[in-house]
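Numbering of ligands and ligand atoms starts at 1, following listing order.
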Amino acid sequence: MKIVKTIQNMRQLSKKAKIHNKSIGLVPTMGCLHDGHLSLIHRARKDCDVVVVSIFVNPMQFAQGEDLEKYPRDFNADRKLAESAGADVVFYPDAKHICQKDSSTFISVENMGKIWEGKTRPDHFRGVCTIVGKLFNVVNPDVAYFGQKDAQQAEIIERMVKDLDFNVKIVVVPTVREKDGLAMSSRNKYLSSKERKAALVLYRSLQEARAMIKNGEKKSDKVLDCMRSFVKKERLSRLDYVGIVNSEDFSAVSEISKTSLIIIACRIGKTRLIDNFLLV
Ligand code: PAF
């Protein structure tokens, strides 16, 4: 497996692959790889000739006071994990090369980028889209892989790809969960053992909602009320939002249908976690 640190070398490698008619799969990450990321790499390995995993903790998607400084970083562990999952290349650019200080061009997806996650974290998706757009330009992948856990991010990136004619196919891979249901996330590392138990409230409230819907409930309000009171019972949790949305544009729906997505964001102690459940 190759480690590539500069934009120039990454471009060269990509160009070479294209000359030999090889397809490139890109798995963009911020490192701290877990089984969720590995499932994306496995999928890319199945689909593509060359698998590139990018590791870059993107300062543009963190607001002041968020966890940029303490975001977990362990390049050596990540390198080994990426290789064992089948990556051919780890693209590990330096922040000063990829985010120039005088840069003043950003990619911002309107509407969908401003609601739910985008409301709580105003410039977050602008930071995500800008870096993902840059990675697409540098790596030139045929396919890029994102996790369903960050459902709104994946949908926003699909929107960006359509709107700006990026020549890349987006594949969304199902959420990987711990045995007890907690969605895998790099931020789970922040949880104390008490908080780890409390964090199950996200998955369990989604399960409650799912059971109600399975039993015939079609009114979003009823399901959301039930989720809110379920989360309230967990002392260590503070709900940010719950919503039932159209999975394509994230607009809230009042009647639940097969294309609805249930979304939740919750603070457990100081750690903010998100999860979702697709009804199809
Ligand atoms: O999902 C993530 O880890 C990040 O938002 C991404 C897509 C790598 C962009 O920095």
Which donor-acceptor pairs under 3.5 Å do the side chains of residues 98-115 make with protein atoms, sequence neighbours left out?
residue : atom : partner : partner atom : Å
Q100    : NE2  : H97     : O            : 3.4
S108    : OG   : E110    : OE2          : 3.4

Show me the side-chain donor-acceptor pairs of residues 13-33 shorter than 3.5 Å, one per line, residues at least two apart or across chains.
residue : atom : partner : partner atom : Å
S14     : OG   : V139    : O            : 2.9
K18     : NZ   : N140    : O            : 2.5
H20     : ND1  : K16     : O            : 3.0
S23     : OG   : D49     : N            : 3.0
S23     : OG   : D49     : OD2          : 3.3
T29     : OG1  : G31     : N            : 3.0
T29     : OG1  : S54     : O            : 2.8

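Near P28, the atoms of ligand 1 lying under 4.0 angstrom from a non-hydrogen atom of the residue are 8 (C). Near Q153, meaning under 4.0 Å from any of its heavy atoms, are these atoms of ligand 1: 1 (O), 2 (C), 4 (C), 5 (O), 7 (C). Contact atoms of ligand 1 toward T29: 8 (C) (distance under 4.0 Å to a heavy atom of the residue). Within ligand 1, counting atoms from 1 as listed, the ones closer than 4.0 Å to a heavy atom of I131 are 9 (C), 10 (O).
The nearest heavy-atom contact from the protein to atom 9 (C) of ligand 1 is Q61 OE1, 3.3 Å. Taking atom 3 (O) of ligand 1 as the reference point, the nearest protein heavy-atom neighbour is M30 CG, 3.7 Å.
Ring-centre distance between F62 and Y71: below the 6.0 Å cut-off. Checked against the 6.0 Å centroid threshold, F75 and Y92 count as a close aromatic pair.
Geometrically, K169 does not engage Y145 in a cation-pi contact defined by less than 6.0 Å to the ring centre and at most 45° from the axis.
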